[in-house]
Amino acid sequence: MTAEVYYDDDADLSLVAGKKVAVIGYGSQGHAHALSLRDSGVEVRIGLPEGSKSRAKVQEQGLEVGTPAEVSAWADLIMLLAPDTAQRKIYAEDIAPNLAPGKALFFGHGLNIRYGLIEPPADIDVAMVAPKGPGHLVRRQFVDGKGVPVLVAVEQDATGQALALALSYARGIGGTRAGAIKTTFTEETETDLFGEQAVLCGGATALVQTGFEVLTEAGYAPEIAYFECLHELKLIVDLMYEGGIARMRYSISDTAEYGDYSRGPRIIDARVKEEMRKILGEIQSGEFAREWIAEDDAGRPNFTKWREEAAAHPIEETGRKLRGMMSWVDRPITETA
Ligand SMILES: NC(=O)C1=CN([C@@H]2O[C@H](COP(=O)(O)OP(=O)(O)OC[C@H]3O[C@@H](n4cnc5c(N)ncnc54)[C@H](OP(=O)(O)O)[C@@H]3O)[C@@H](O)[C@H]2O)C=CC1
Ligand SMILES: CC[C@](O)(C(C)=O)C(=O)O
Ligand SMILES: [Mg+2]
Ligand SMILES: [Mg+2]
């Protein structure tokens, strides 16, 4: 089924411009939403704990900051852009006591609503505006007069205006310039988790590291293995990004294309597909969310161990050395905030 897509002409900016908007969090997404909404004529305040390292930046950029509870009490629309694992506590302690009928609670990702970690009262609007790109790109595109596509979803429509308000907010951050795709909290959450686990983050890093290990364990130089298994991945993904898999295959040699067709399916085979289905099942049943929340509640022992182990993988040391030879590669993340 094709999704409904909305553009600037479908979105009335005056709806969000008529609201007081609190953005909780000033990280990747928070800074982009807040600055672009302000530039679109919306009254915005940022919610951050007293000790937050981002408070000074917010003030430098001319925005008002308060505690999450203070700005939630002030606002008509609260956009929760703190880390997903922190949202339950912020909601319970700072937002819930400051809700009133007709207010709106917005999210940039559906995890806490999809898995019932946050259960808002029925008399408020609950919606999502989730850019399909990192916050720094969202802001840069807005400043350039363009936009990053967004997903919009409505979980509760207490006022009858929830979708119109979500589209208005999406317009305020440039999303409807590119297109706002209508979805549900369930579809966004489940596909986002599946994509990052099976393909984009989990799948891709395991593929890269395993390829590097096979080559180096067979005696090939780590520098050569790094180029073949990690560095050149960007060239291939850029081609797919620009013109799909067919464009990538058009640009590579026939030798590579033949190896792609004849060997690729031996790597990503029926067993891998079955495992992907299992991973999707764990997401759909809530098993993954329960596991992740329990891990976070326990102080993240596995997460910390895996992060340390991954940082010590030989591919990282090889990469540091090689990126030092390529001045254009090791750039800091573009700061637009
Ligand atoms: N990153 C991305 O590209 C995307 C993210 N999203 C979603 O957007 C949301 C925000 O993610 P992201 O922008 O990556 O988050 P970041 O980790 O970049 O930023 C989180 C912000 O929240 C602040 N924060 C931490 N704890 C609290 C608290 N208790 N109360 C208030 N603020 C707090 C942090 O403060 P401090 O500055 O002091 O650290 C920081 O400013 C998530 O729901 C995520 O899933 C959706 C699409 C893409
Ligand atoms: C791919 C990772 C992501 O889902 C994203 C940037 O969209 C995330 O949660 O960070
Ligand atoms: Mg994502
Ligand atoms: Mg995600």
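Keep in mind it's a predicted model, so treat the numbers as computed, not measured. Whatever order the structure lists ligands and atoms in, that order sets their numbers, starting from 1. Throughout, residue positions are numbered sequentially from 1 according to the sequence presented.
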Less than 4.0 angstrom from a charged side-chain N to a carboxylate O is my criterion; do [X] and [Y] meet it?
X: Glu43; Y: Arg38; result: no
X: Arg45; Y: Glu70; result: no
X: Arg249; Y: Asp260; result: yes
X: Glu317; Y: Arg320; result: yes
X: Lys278; Y: Glu275; result: yes

Using heavy-atom distances only, which candidate in [options] approaches [atom] most closely?
atom: atom 32 (N) of ligand 1; options: Pro49, Gly51, Ser28, Gly30; answer: Pro49
atom: atom 15 (O) of ligand 1; options: Leu151, Thr189, Leu81; answer: Leu81
atom: atom 28 (C) of ligand 1; options: Ile46, Ile90, Asn112; answer: Ile90

Looking at [atom], what's its closest protein heavy atom, distance included?
atom: atom 17 (O) of ligand 1; answer: Pro83 CG, 4.2 Å
atom: atom 13 (O) of ligand 1; answer: Gln29 N, 2.8 Å
atom: atom 7 (O) of ligand 2; answer: Asp192 OD1, 3.9 Å
atom: atom 37 (O) of ligand 1; answer: Ser54 OG, 2.3 Å
atom: atom 43 (O) of ligand 1; answer: Asp84 OD1, 2.6 Å
atom: atom 34 (C) of ligand 1; answer: Leu48 CD2, 4.4 Å
atom: atom 9 (O) of ligand 2; answer: Glu196 OE1, 3.0 Å
atom: atom 3 (O) of ligand 1; answer: Pro134 CA, 3.1 Å
atom: atom 19 (O) of ligand 1; answer: Gly27 CA, 3.3 Å

Fill in: Close aromatic pair by centroid cut-off 6.0 Å: Phe212 and Tyr226
no
Worksheet entry | Worked check of side chain to side chain contact (heavy atoms under 4.5 Å, CB included) between Asn112 and Arg88 | CA-CA 7 Å; Asn112 280 273; Arg88 272 176 308 160; 3.6 Å; yes
Practice prompt. Apply side chain to side chain contact (heavy atoms under 4.5 Å, CB included) to the pair Val129 and Ile173, showing each step before the final yes or no.
Written response: CA-CA 10 Å; Val129 179; Ile173 62 168; 4.0 Å; yes
Fill in: Crowding at CD, Glu119 (>12 non-hydrogen neighbours, <6.0 Å)
no
Discussion item. Taking atom CG as the centre, does Asp144 end up with more than 12 heavy-atom neighbours from other residues, nucleotides or ligands that are less than 6.0 angstrom away?
Written reply: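 Buried by this count: over 12 neighbours within 6.0 Å.
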Discussion item. In this structure, does ligand 1 have an atom that sits under 4.0 Å from one of the heavy atoms of Gln87?
Written reply: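 Yes, that is the case, since the closest heavy atom of the residue is under 4.0 Å from the ligand.
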Worksheet item: Is the closest heavy atom of Ala130 to ligand 1 under 4.0 Å?
Response: no
Worksheet item: Can a protein heavy atom be found under 4.0 Å away from atom 5 (C) of ligand 2?
Response: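 Under the 4.0 Å cut-off, atom 5 (C) of ligand 2 has no protein heavy-atom neighbours at all.
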Between the side chains of [X] and [Y], is a donor N or O closer than 3.5 angstrom to an acceptor N or O?
X: Ser36; Y: Arg139; result: yes
X: Gln29; Y: His109; result: no
X: Asp8; Y: Thr176; result: yes

Fill in: Test side chain to side chain donor-acceptor pair (under 3.5 Å) applied to Tyr26 and Gln61, His33, Lys53, the passing residue
Gln61
Any idea which atoms of ligand 1 are less than 4.0 Å away from a heavy-atom of [X]?
X: Tyr26; answer: 21 (C), 40 (C), 41 (O)
X: Pro68; answer: 30 (N), 31 (C)
X: Lys53; answer: 36 (P), 37 (O), 38 (O), 39 (O)
X: Gly108; answer: 7 (C), 46 (C)
X: Pro131; answer: 47 (C)

Discussion item. For Ile24, which part has a heavy atom under 4.0 Å from ligand 1: side chain, backbone, both, or neither?
Written reply: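 Under 4.0 Å from ligand 1, Ile24 contributes side-chain atoms alone.
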Item to complete: Give the contacting part of Ser52 toward ligand 1: side chain, backbone, both or neither, where contact means a heavy-atom distance below 4.0 Å.
Response: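 The part of Ser52 near ligand 1 is both the backbone and the side chain.
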Item to complete: Please lay out, stage by stage, how Lys273 and Arg277 fare under the test side chain to side chain contact (heavy atoms under 4.5 Å, CB included).
Response: CA-CA 6 Å; Lys273 194 165 181 182; Arg277 287 202 183 97; 3.5 Å; yes
Worksheet item: Near the Mg ion (ligand 3), which protein N/O/S atoms are found at less than 2.8 Å?
Response: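 The answer is Asp192 OD1.
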Discussion item. Would His109 count as being in polar contact with ligand 1, using the rule that some N or O on each side must be under 3.5 angstrom apart?
Written reply: no
Worksheet item: Going only through I, L, V, M, F, W and Y residues with side-chain contacts under 4.5 Å, is there a path from Val152 to Val42?
Response: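 Result: yes, single cluster for both.
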Practice prompt. Among Glu187, Lys132, Arg114, find the residue that satisfies the side chain to side chain contact (heavy atoms under 4.5 Å, CB included) test when tested with Asp192.
Written response: Lys132
